[in-house]
Amino acid sequence: MESNFVDYVKIYCRSGKGGRGSMHLRHVKYNPNGGPDGGDGGRGGNIYLRGNHNYWTLLHLRYQRHIRAEHGGNGGRDKCHGKDGKDIYIDVPCGTVVYDAETGKYICDVSYDGQVVMLLKGGRGGLGNFQFRTSTNQAPRYAQPGEPMQEMTVILELKLLADVGLVGFPNAGKSTLLSVLSSAKPKIANYPFTTMEPSLGIVSYHDGQSFVMADIPGIIEGASEGKGLGLRFLRHIERNSLLLFMVPGDTDDIKKEYEILLNELQKFNPEMLDKHRVLAVTKCDLLDGELIEMLKETLPTDLPVVFISSVAGMGINDLKDTLWRELNSESNKLQSIISEDTLVHRDKDMRLFEAEIRAEGADLEEVDYIDEDDIEYIDELDDFEYTDE
């Protein structure tokens with residue numbers, strides 16, 4: 001069954017061309033030499049991106065691969081102005097980042113509800129011959145064609161907006177923890193990669209306060225190079241304020257597994273290491289008190305460590321207190337402000353860009369993007385007398 005969670009689409013966009021100006025000389029019964037009265041052409045339609053909190057995936061764009069704005073109308077006689085092309089607004093969920101599909105270059109970011117970003121500008125309409133009249137050239141027999149449209153194939157990526165991101169190997173207990181802390185109902189089973197798509201949950205705290213937690217599919221060694229599901233979903237924790245690393249308590253070397261996870265994040269985006277981190281040792285209902293004390297001596301000392309068991313409810317309140325304290329610390333708020341732009345303004349790594357597109361299955365069909373209106377417009381340009389005046 002195909003998932004409704006779509007966080008990656010590739011679409012072709014084209015703004016509208018400007019309408020041509022009219023080259024017309026007024027001839028009426030009582031004014032046979034009325035002079036120029038050709039009107040201006042209308043501008044072509046623009047294409048905008050608009051943040052909309054009612055959307056949570058890019059599913060509505062999966063089957064709308066070609067988006068074209070309306071062309072501007074041509075100018076007419078009697079100084080009639082051509083109709084402006086209708087603008088197109090593409091509604092996207094908050095947290096959508098746009099890249100050029102040809103070069104991988106970052107274009108823009110839509111991060112809050114109601115934000116409007118111009119993606120492609122429509123062509124200006126051409127001036128009619130009425131605009132070129134002078135005392136020495138009272139009957140100009142030329143006008144301007146409209147400016148051409150702009151076109152681009154873009155990649156839209158959704159990066160989940162959450163306060164806490166769960167990071168761990170498959171079967172580390174991430175989905176179980178999310179189901180215990182929130183009302184989210186992720187799929188839970190005893191085999192790797194049970195979680196196939198990110199999940200969000202709202203975690204309640206004291207006095208009506210809450211924070212958002214995001215669960216992504218498990219990371220394996222080499223995820224930053226495209227192994228497993230890591231390359232596809234690592235981007236979802238770029239926006240998180242805090243990273244919660246989860247390692248099972250029955251692991252042979254907890255510190256080593258934590259360092260592997262940290263290394264994968266560093267390879268994917270080195271700036272993610274600047275985020276605050278918390279380590280949760282899971283499945284501690286399998287451990288006794290003496291073993292837990294022995295494990296504490298081998299764990300990293302540069303971050304808070306909490307021993308929990310989601311099934312038994314062990315350490316859950318301590319974990320929520322730790323997460324809330326780290327989220328609201330002054331250093332974390334300051335770091336969020338400093339790193340807000342640097343995380344989202346990175347271009348695509350072209351070494352992995354083509355492999356990522358193939359993995360997403362987002363390649364466009366081989367189609368001819370020039371429609372009948374564009375062919376007619378090209379013929380007009382060939383026959384039209386152009387002026388820069």
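All of these numbers come straight from a predicted model, not from anything done at the bench.
Here the NZ-CD distance, from Lys17 to Glu70, works out to 10.5 Å after rounding to the nearest 0.5 Å. Of the inter-residue distances, the one linking Leu265 atom CG with Lys275 atom NZ reads 10.0 Å to the nearest 0.5 angstrom. Taken to the nearest 0.5 Å, the CZ atom of Phe169 stands 5.0 Å off from the CD atom of Glu257. In this structure, the separation between CD on Gln115 and SG on Cys94 is 8.0 Å, given to the nearest 0.5 Å. In this structure, Met149 CE and His71 NE2 are separated by 6.0 Å, a value rounded to the nearest 0.5 Å. Atom CG in Leu242 sits 9.0 Å away from atom CG in Asp163 (nearest 0.5 Å).
Every side-chain hydrogen bond (donor to acceptor under 3.5 Å, both in side chains) that Ser309 has, sequence neighbours left out, goes to Asp285. Residues satisfying the ring-ring contact (aromatic ring centres under 6.0 Å, His included) criterion with Tyr55, sequence neighbours excluded, are His60. Here Tyr205 pairs with Trp324 under the ring-ring contact (aromatic ring centres under 6.0 Å, His included) rule; sequence neighbours left out. When the salt bridge (Lys or Arg N to Asp or Glu O under 4.0 Å) test is applied to Lys296, the partners found at least two apart in sequence or on another chain are Glu293. A search for ring-ring contact (aromatic ring centres under 6.0 Å, His included) contacts involving His27 returns nothing, not counting sequence neighbours. With sequence neighbours left out, the side-chain hydrogen bond (donor to acceptor under 3.5 Å, both in side chains) criterion links His206 to no other residue. In this view, Arg50 and Asp91 satisfy the salt bridge (Lys or Arg N to Asp or Glu O under 4.0 Å) rule, not counting sequence neighbours.
A side-chain donor-acceptor contact under 3.5 Å links Arg141 to the backbone of Ala139. A donor-acceptor pair is defined here as one N or O able to donate and one able to accept, closer than 3.5 Å; no such pair exists between the side chain of Asp84 and the backbone of Gly42. At least one donor-acceptor pair under 3.5 Å links the side chain of Thr57 to the backbone N or O of Leu59. Judged by distance alone, with hydrogens and angles left aside, the side-chain atoms of Glu147 form a donor-acceptor pair with the main-chain N or O of Arg124 at under 3.5 Å.
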Next on the checklist: Using the rule given for side chain to side chain contact (heavy atoms under 4.5 Å, CB included), can you reason through Cys13 versus Met152, listing the C-alpha separation, both sets of side-chain angles and the distance that settles it, and then say yes or no?
Outcome noted: CA-CA 5 Å; Cys13 297; Met152 182 185 297; 5.5 Å; no
Item to check | Stepwise side chain to side chain contact (heavy atoms under 4.5 Å, CB included) check, Leu58 with Thr96 | outcome: CA-CA 9 Å; Leu58 297 169; Thr96 300; 4.2 Å; yes
Next on the checklist: The test is side chain to side chain contact (heavy atoms under 4.5 Å, CB included); show your working for Arg77 and His24 and say whether it passes.
Outcome noted: CA-CA 6 Å; Arg77 59 190 300 175; His24 186 267; 3.7 Å; yes
Next on the checklist: Using the rule given for side chain to side chain contact (heavy atoms under 4.5 Å, CB included), can you reason through Asn74 versus Ser22, listing the C-alpha separation, both sets of side-chain angles and the distance that settles it, and then say yes or no?
Outcome noted: CA-CA 7 Å; Asn74 298 327; Ser22 173; over 6 Å; no
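Between Ile254 and Leu295 there is a side-chain heavy-atom pair separated by less than 4.5 Å. Side-chain contact between Leu177 and Ile316 is present, with at least one heavy-atom pair separated by less than 4.5 Å. Between Met213 and Leu181, some side-chain heavy-atom pair lies under the 4.5 Å cut-off. Annotation: side chain of Met246 is in contact with side chain of Leu166 (closest heavy-atom distance under 4.5 Å). Taking 4.5 Å as the limit, some side-chain heavy atom of Leu323 sits within range of a side-chain heavy atom of Val278. Side-chain atoms of Val164 and Leu327, non-hydrogen and from C-beta on, do get closer than 4.5 Å to each other. Using a 4.5 Å heavy-atom cutoff, the side chains of Met23 and Gln144 are not in contact. Using a 4.5 Å cut-off on side-chain heavy atoms (C-beta onward), Val154 and Ile107 make contact.
Within the structure, ring pair (Phe, Tyr, Trp, His ring centres under 6.0 Å) pairs that include any residue of residues 241-263 comprise Phe245-Tyr258 (at least two apart or interchain). Residue pairs meeting the salt bridge (Lys or Arg N to Asp or Glu O under 4.0 Å) criterion with at least one partner in residues 22-40, sequence neighbours excluded, are Arg26-Asp78. For the salt bridge (Lys or Arg N to Asp or Glu O under 4.0 Å) condition, the pairs that include at least one residue of residues 297-321, sequence neighbours left out, are Arg277-Asp302.
Taking all atoms of both residues into account, the shortest heavy-atom contact from Val306 to Gly315 is CG1-O, 4.0 Å. Taking all atoms of both residues into account, the shortest heavy-atom contact from Asn240 to Gly165 is OD1-CA, 3.1 Å. Closest approach of Leu49 and Cys108 over heavy atoms only: CD1-SG, 3.8 Å. Taking both residues in full, the closest heavy atoms of Pro248 and Val281 are given as C-CG1, 4.4 Å, listed atom of the first, atom of the second, then distance. When all heavy atoms are compared, the tightest approach of Ser310 to Thr176 is CB-CG2, 3.6 Å. Heavy atoms only, all atoms of each residue included: Lys10 and Ala101 are closest at CE-CB, 3.8 Å.
Members clustered with Tyr48: Tyr89, Val116, Met118, by chain and number, using a 4.5 Å side-chain heavy-atom cutoff among hydrophobic residues. Membership of an apolar cluster is not assigned to Met294, as no side-chain contact below 4.5 Å to another ILVMFWY residue is traced.
Note: the hydrophobic cluster containing Leu127 does not contain Leu25 (ILVMFWY, side chain heavy atoms under 4.5 Å, direct or indirect links). Hydrophobic cluster membership is shared by Val305 and Leu291, with clusters built from Ile, Leu, Val, Met, Phe, Trp and Tyr side chains linked at under 4.5 angstrom. Residues Leu243 and Leu273 share a hydrophobic cluster, clusters being chains of Ile/Leu/Val/Met/Phe/Trp/Tyr side chains in contact below 4.5 Å. Val311 and Leu178 are assigned to two separate hydrophobic clusters, defined by single-linkage of ILVMFWY side chains at heavy-atom distances under 4.5 Å.
With a 6.0 Å radius and a threshold of 12 heavy atoms from other residues, nucleotides or ligands, Gln209 has its CD atom above the threshold. By the neighbour-count criterion of 12 heavy atoms within 6.0 Å, atom CG of Asn54 is densely surrounded, having more than that number from other residues, nucleotides or ligands.
For the pair Arg133 and Phe130, the cation sits on the ring face: its NZ or CZ lies under 6.0 Å from the ring centre, inside 45° of the axis.
Of the N and O atoms on the side chains of Asn46 and Ser15, not one donor lies less than 3.5 Å from an acceptor on the other residue.
Of the residues listed (Ser182, Ser175, Ser179), the one engaging Asp215 in a side chain to side chain donor-acceptor pair (under 3.5 Å) is Ser175, and it is the only one.
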